[in-house]
Enquirer: 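Right, I'll just put the structure down here and ask away after.
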Amino acid sequence: MRKLWILLFVSILVTGGAWKAQAGVRFITDVPQNSFLGRPPKISSSQRQLNHCLSAGYTQTKKSCGDKVAVNPCPYNKQMFKACCDKEYSHSKEYCLKRGLQPSRRSCEGLYACQ
């Protein structure tokens, strides 16, 4: 019986060396944001263009402007605009001066109303 216990103990020692424990710690911050199993999410080119516009401050669309005029389109996506201006603010200073009118004191994204 003693030989059986010794044999069992030795076999556990021998095979235990082959079974290495695979333990580790992985923090949630190690994985890129919005990813699945560490792979970055697939982003379409139109979504990438929209993200460029939004990060550059182009937040308006023609629809969101309502009865106002959408001005200063985004270079990445022509559907996004910097601001919505009243319809009378649609001229440059030079345009007003050439017609003998004064540009308004206030402007909207560099556009003026002629007075």
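These numbers were taken from a predicted model, which means no experiment stands behind them.
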Enquirer: Can you tell me how far SG of C85 sits from CD of Q60, rounded to the nearest 0.5 angstrom?
Expert: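 Reported value, rounded in 0.5 Å steps: 10.0 Å.
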Enquirer: Looking at residues at least two apart in the chain, or sitting in another chain, which of them share a side-chain hydrogen bond (donor to acceptor under 3.5 Å, both in side chains) with S90?
Expert: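 If we apply the side-chain hydrogen bond (donor to acceptor under 3.5 Å, both in side chains) test to S90, skipping adjacent residues, there are no hits.
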Enquirer: Could you name each residue pair satisfying salt bridge (Lys or Arg N to Asp or Glu O under 4.0 Å) that touches residues 53-63, not counting sequence neighbours?
Expert: none
Enquirer: Verify the neighbour count for atom CD of Q102: are there more than 12 heavy atoms of other residues, nucleotides or ligands below 6.0 Å?
Expert: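 Open.
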Enquirer: Please tell me if the side chains of L111 and H91 come closer than 4.5 Å, counting only heavy atoms from C-beta onward.
Expert: no
Enquirer: Less than 4.5 Å apart, side chain to side chain, heavy atoms only: is that true for Y58 and N72?
Expert: yes
Enquirer: How many angstroms lie between SG in C96 and CG in L101, if you round to the nearest 0.5 Å?
Expert: 6.5 Å
Enquirer: If you round to the nearest 0.5 Å, how far is CD of E94 from CZ of R99?
Expert: 11.5 Å
Enquirer: Find the distance between CG (L54) and CD (Q49) and round it off to the nearest 0.5 Å.
Expert: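 Nearest 0.5 Å value for the CG-CD distance: 12.0 Å.
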Enquirer: At their closest point, which heavy atom of A56 faces which heavy atom of K82, and how far apart are they?
Expert: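 Looking at all heavy atoms of both residues, the closest pair is O-NZ, 2.9 Å.
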Enquirer: Under 6.0 Å from the CD atom of Q79, do we count more than 12 heavy atoms belonging to anything else shown?
Expert: no
Enquirer: Would you say S104's side chain and R106's backbone share a donor-acceptor pair under 3.5 angstrom?
Expert: yes
Enquirer: Rounded at 0.5 Å granularity, tell me how far CZ in F81 sits from NZ in K68.
Expert: 15.5 Å
Enquirer: Which residues pass the side-chain hydrogen bond (donor to acceptor under 3.5 Å, both in side chains) test with D86, sequence neighbours left out?
Expert: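 Not a single residue meets the side-chain hydrogen bond (donor to acceptor under 3.5 Å, both in side chains) criterion with D86.
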Enquirer: Any chance you could measure S92, atom OG, to Y112, atom OH, to the nearest 0.5 Å?
Expert: 9.5 Å
Enquirer: Under 3.5 Å, is there a donor-acceptor pair between the side chain of S55 and the main chain of N51?
Expert: yes
Enquirer: Is there a side-chain contact between C114 and Y95, using heavy atoms and a 4.5 Å cut-off?
Expert: yes
